[in-house]
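The first residue in the sequence is number 1, and the count goes up from there. Bear in mind that the values here come from a model prediction, so they are computed numbers and not experimental data.
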Amino acid sequence: MKLEELNFLEIQRRLQSDGLILKIGPFSFRILSPISSIAEGLHTLYGNYAVLDDGHFVDYSVTIASGSGWRRWTRRQAIFKFDGMEPFIPLPEDHAFPLLEWSMNWCISMHAHHYLILHSAVIEKEGCAFILPAPPGSGKSTLCAGLVNRGWRLLSDELALISLTDTSITPLGRPISLKNQSIDVIRGYVPEAVFSNVVHDTSKGSVALLKAPSAHIDRIQETARPRWVIFPKYMAGATAQMTPRSKANSMLELGRNAFNYMVLGLKGFEVLSKVIDESDCYDFHYSQLDDAVLAFDELVARRNA
């Protein structure tokens with residue numbers, strides 16, 4: 001069953017009782033919450049994801065709870081709970097849906113050590129993946145959203161899940177998180193795009209989540225091979241430009257963007273080395289999304305020439 005087959009009231013009921021179990025990429029999440037914006041966000045963005053019954057194994061149970069005591073009535077809070085812990089500080093209740101997304105990222109990055117996990121967007125075309133690691137403010141998610149809506153398949157906006165056996169990349173396929181001016185940029189670039197409500201005054205500024213294309217979620221089982229590692233950077237007024245960078249420097253920087261590189265030890269080093277060996281590495285500066293799309297398409301065309 002897909003989530004879109006449930007009406008809004010049934011989604012709310014499940015969230016408030018035994019939990020709603022969603023299959024998201026290779027993971028299953030049981031989500032519990034009495035907060036209405038959680039149901040609204042899931043209903044808007046996760047319609048094409050599979051709903052599992054209680055007989056299925058659940059990887060992570062995530063609760064976004066309301067504050068207790070007087071916090072139930074004034075200055076309401078949203079609290080992430082996991083295995084009896086509260087890993088994050090409470091947030092205002094209207095931040096609940098972004099908190100759910102950040103909580104799912106935390107669960108995966110802290111526990112899924114059967115992958116090498118990079119803080120990176122990943123897109124794919126013709127079975128070959130672009131890994132796009134970058135710090136906040138680099139324009140990574142804006143670039144990812146632009147490419148995904150111009151013929152590239154979304155594997156992930158935040159977490160690259162790399163196999164420890166063959167370096168293939170497993171799709172996660174979650175919504176793309178956009179911040180501040182990027183929200184309006186993508187609204188203008190993709191008029192038909194579906195967004196969550198914009199949440200203001202978070203630690204990252206204003207945040208909205210962009211729905212992943214349904215056709216991409218239908219291909220969620222299809223892995224891809226790493227072929228390019230590109231470090232993007234938005235620069236106002238810049239011409240789109242790919243600049244080759246050394247593999248040694250790229251490996252060091254990619255290691256800094258890994259969540260569990262040190263946890264995996266030698267295996268992490270071996271997998272990261274193989275990813276770099278298999279990939280061409282570039283710095284990429286851009287200001288216009290159309291120019292960026294052309295630059296990425298040209299890399300694929302040169303590879304196929």
Side-chain angles (χ1 to χ4, degrees), residues 1-112 117 156-159 161 172-177 194-199 202-204 207-209 211-212 217 220:
M1 178 194 300
K2 298 290 182 68
L3 184 65
E4 63 192 4
E5 298 174 49
L6 301 178
N7 63 40
F8 181 76
L9 291 178
E10 176 61 15
I11 293 172
Q12 275 193 316
R13 187 195 68 78
R14 294 193 184 199
L15 288 169
Q16 294 175 14
S17 55
D18 295 329
L20 177 71
I21 305 175
L22 287 181
K23 183 70 171 176
I24 300 174
F27 307 109
S28 55
F29 284 86
R30 184 190 299 273
I31 303 169
L32 301 101
S33 182
I35 301 173
S36 61
S37 61
I38 297 292
E40 292 166 4
L42 293 172
H43 183 258
T44 300
L45 299 182
Y46 281 87
N48 208 45
Y49 296 70
V51 177
L52 306 179
D53 60 38
D54 283 332
H56 284 82
F57 176 81
V58 172
D59 292 290
Y60 308 111
S61 289
V62 173
T63 299
I64 306 297
S66 296
S68 59
W70 66 274
R71 291 287 192 183
R72 296 176 61 190
W73 313 110
T74 182
R75 297 181 65 184
R76 295 179 176 180
Q77 292 182 328
I79 303 168
F80 166 43
K81 296 185 177 183
F82 178 81
D83 282 355
M85 302 182 296
E86 296 180 11
F88 304 159
I89 63 170
L91 296 179
E93 189 178 84
D94 62 354
H95 296 188
F97 191 67
L99 177 59
L100 172 63
E101 292 290 322
W102 300 332
S103 299
M104 288 194 285
N105 285 341
W106 181 88
C107 289
I108 295 168
S109 60
M110 293 297 292
H111 300 96
I117 306 173
S156 180
D157 168 47
E158 288 286 342
L159 304 175
L161 305 176
L172 189 52
R174 302 239 312 282
I176 299 172
S177 178
V194 176
F195 283 86
S196 68
N197 292 329
V198 179
V199 177
T202 77
S203 61
K204 301 181 180 182
V207 174
L209 290 131
K211 185 177 181 179
I217 306 307
I220 202 72

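Side-chain contact between Glu93 and Gln77 is absent, with no heavy atoms from C-beta onward closer than 4.5 Å. Here the side chains of Leu6 and Val51 are in contact, with some heavy-atom distance below 4.5 Å. By the 4.5 Å heavy-atom criterion applied to side chains, Leu91 and Ser203 are not counted as neighbours. Using a 4.5 Å heavy-atom threshold, the side chains of Phe27 and Val58 count as separate. Counting heavy atoms from C-beta on, the side chains of Leu20 and Leu3 come closer than 4.5 Å.
Of all heavy-atom pairs between Ser66 and Ile35, the closest is OG-CG1, 3.5 Å. Pro175 and Glu101 make their closest contact through CD-OE1, 4.2 Å (heavy atoms, listed as atom of the first residue, atom of the second, distance). When all heavy atoms of Pro90 and Ile79 are compared, the pair lying nearest together is CB-CG1, 3.9 Å. Phe80 approaches Val62 most closely through the heavy-atom pair CE1-CG1, 3.7 Å. Residues Ile21 and Asp53 come closest through the heavy atom pair CD1-O, 3.7 Å. Between Ile117 and Ala112, the shortest heavy-atom contact is CD1-O, 3.4 Å.
The salt bridge (charged side-chain N to carboxylate O under 4.0 Å, His left out) with Arg30 is formed by just one residue from the set Asp83, Asp54, Asp59; it is Asp54.
Asn197 CG: 12 or fewer foreign heavy atoms inside a 6.0 Å radius.
Rounded to the nearest 0.5 angstrom, Ile64 CD1 and Leu32 CG are separated by 10.0 Å. Taken from CD1 in Ile11 to CD in Glu4, the straight-line distance is 10.0 Å, to the nearest 0.5 Å. Atom NZ of Lys23 and atom OH of Tyr49 lie 13.0 Å apart (nearest 0.5 Å). Ser36 OG to Gln16 CD: the interatomic distance, rounded to the nearest 0.5 Å, is 9.0 Å. Atom CD1 of residue Ile38 and atom CZ of residue Phe97 lie 6.5 Å apart, to the nearest 0.5 angstrom.
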Let's go through Thr44 and Lys211 carefully: what are the C-alpha distance in whole Å and the side-chain angles of both, what is the deciding distance for side chain to side chain contact (heavy atoms under 4.5 Å, CB included) to 0.1 Å, and is it a yes or a no? CA-CA 8 Å; Thr44 300; Lys211 185 177 181 179; 6.0 Å; no
Can you check side chain to side chain contact (heavy atoms under 4.5 Å, CB included) on Ile108 and Arg174, steps first, answer last? CA-CA 12 Å; Ile108 295 168; Arg174 302 239 312 282; 4.2 Å; yes
Could you walk me through whether Leu42 and Leu100 satisfy the side chain to side chain contact (heavy atoms under 4.5 Å, CB included) test, starting with their C-alpha distance in whole Å, then the side-chain angles of each, then the deciding distance to 0.1 Å, before giving a yes or no? CA-CA 10 Å; Leu42 293 172; Leu100 172 63; 4.1 Å; yes
Evaluate side chain to side chain contact (heavy atoms under 4.5 Å, CB included) for Leu22 paired with Ile31, printing each intermediate quantity in order. CA-CA 8 Å; Leu22 287 181; Ile31 303 169; 4.2 Å; yes
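Checked by atom type and distance alone, the side chain of Ser156 pairs as donor or acceptor with a backbone atom of Glu158 at under 3.5 Å. Distance alone, capped at 3.5 Å, places no donor-acceptor pair between the Asn48 side chain and the Ile217 backbone. For the pair His111 (side chain) and Cys107 (backbone), a donor-acceptor distance under 3.5 Å is present.
Looking at Arg13 and Glu10, a side-chain N of the basic residue comes within less than 4.0 Å of a carboxylate O on the acidic one, giving a salt bridge.
In this structure, Trp106 and Phe82 have perpendicular ring planes: the angle between them is above 60°, well past the 30° mark. Below 30°, between 30° and 60°, or above 60°: for Tyr60 and Phe29 the angle between ring planes is between 30° and 60°, a tilted geometry. Between His43 and Phe8, the ring planes lie perpendicular to each other; the angle is over 60°, past the 30° to 60° tilted range.
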